[in-house]
Amino acid sequence: QVQLVESGGGLVQPGGSLRLSCAASGFTFSRYAVNWYRQAPGKERELVATISTSGSSTNYADSVRGRFTISRDNAENTAYLQMNSLKPEDTAVYYCHAGSYNGRTEIQGYWGQGTQVTVSS
């Protein structure tokens, strides 16, 4: 059974930090790129960060670059999103997505259930 399970969300004050985890099972995690998305109330889902299968390549949305760091541990079948200097506008449900691609075309993808991050004083 394929599963992506996010954890680590919660309530944090502005300027604080959180680390999200995405634990994968039921598929060959190391063959999938990992993306973190977020969706705030009333807004479209936004791609936040991407990491390649090996972890050698990462990309970030302009809104989080320099504050967030995506990483992965293929031996543990887990990806992470370290979030520092959090702002109220980072408040959203954060989703982990694992994707297998042929060029820009997604061949197969899996989603986690999401974890709520709330940044508020």
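When a residue number appears, it is its place in the shown sequence, counting from 1.
Hydrophobic cluster membership differs between Tyr94 and Leu11, with clusters built from Ile, Leu, Val, Met, Phe, Trp and Tyr side chains linked at under 4.5 angstrom.
With hydrogens and angles disregarded, a donor-acceptor distance shorter than 3.5 Å links the side chain of Thr91 to the backbone of Val119. Using a distance-only test at 3.5 Å, with no hydrogens or angles considered, no donor-acceptor pair links the side chain of Thr105 to the main chain of Gly103. A donor-acceptor pair is defined here as one N or O able to donate and one able to accept, closer than 3.5 Å; such a pair exists between the side chain of Ser54 and the backbone of Ser56.
For residues 100-121, the pairs satisfying ring-ring contact (aromatic ring centres under 6.0 Å, His included) are Phe27-Tyr110, Tyr32-Tyr110, Tyr37-Trp111, His97-Trp111, with sequence neighbours left out. Among residues at least two apart or in separate chains, salt bridge (Lys or Arg N to Asp or Glu O under 4.0 Å) pairs with a member in residues 28-39 are Arg38-Glu46, Arg38-Asp90. For the ring-ring contact (aromatic ring centres under 6.0 Å, His included) condition, no pair includes a residue of residues 42-89, sequence neighbours left out.
Results of the side-chain contact (heavy atoms from CB on, under 4.5 Å) test with Val64 over Asn84, Val48, Leu81 single out Val48 as the only residue that passes.
Listed here is the closest heavy atom pair of Pro14 and Ser121: CD-N, 3.7 Å. The minimum heavy-atom distance linking Trp36 with Ser21 is given by the pair CH2-O, 3.7 Å.
In this structure, Ile70 CD1 and Ser57 OG are separated by 10.5 Å, a value rounded to the nearest 0.5 Å. Once rounded to the nearest 0.5 Å, the distance linking OG of Ser30 with CG of Asp73 reads 11.0 Å. Atoms CD and CD, from Gln1 and Gln3 in turn, are 4.5 Å apart once rounded to the nearest 0.5 Å. Atom OG in Ser17 sits 6.0 Å away from atom CG in Leu86 (nearest 0.5 Å). The distance from the CZ atom of Arg67 to the CE atom of Met83 is 9.5 Å, given to the nearest 0.5 Å.
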Could you go through Glu6 and Leu20, starting from their C-alpha distance and side-chain angles, then the distance that decides it, and tell me whether this counts as side-chain contact (heavy atoms from CB on, under 4.5 Å)? CA-CA 7 Å; Glu6 298 103 332; Leu20 305 183; over 6 Å; no
Going through the checks in order, is the side-chain contact (heavy atoms from CB on, under 4.5 Å) test met by Arg72 and Asn74? CA-CA 6 Å; Arg72 66 189 297 161; Asn74 284 342; 2.8 Å; yes
Show, in sequence, the C-alpha distance, side-chain angles and deciding distance for Ser71 and Gln82, and conclude whether the side-chain contact (heavy atoms from CB on, under 4.5 Å) test is met. CA-CA 8 Å; Ser71 62; Gln82 177 68 43; over 6 Å; no
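A 4.5 Å side-chain heavy-atom check between Thr115 and Tyr95 finds every atom pair outside the cut-off. Looking at heavy atoms from C-beta onward, Val34 lies in side-chain contact with Cys96 at the 4.5 angstrom threshold.
Using modelled atom types and a 3.5 Å distance limit, the side chains of Asn35 and Thr50 yield a donor-acceptor pair. Between Ser120 and Thr118, the side chains place no donor N or O within less than 3.5 Å of an acceptor N or O (distance only, hydrogens not considered).
Within a 6.0 Å sphere centred on CD of Glu44, heavy atoms belonging to other residues, nucleotides or ligands number 12 at most.
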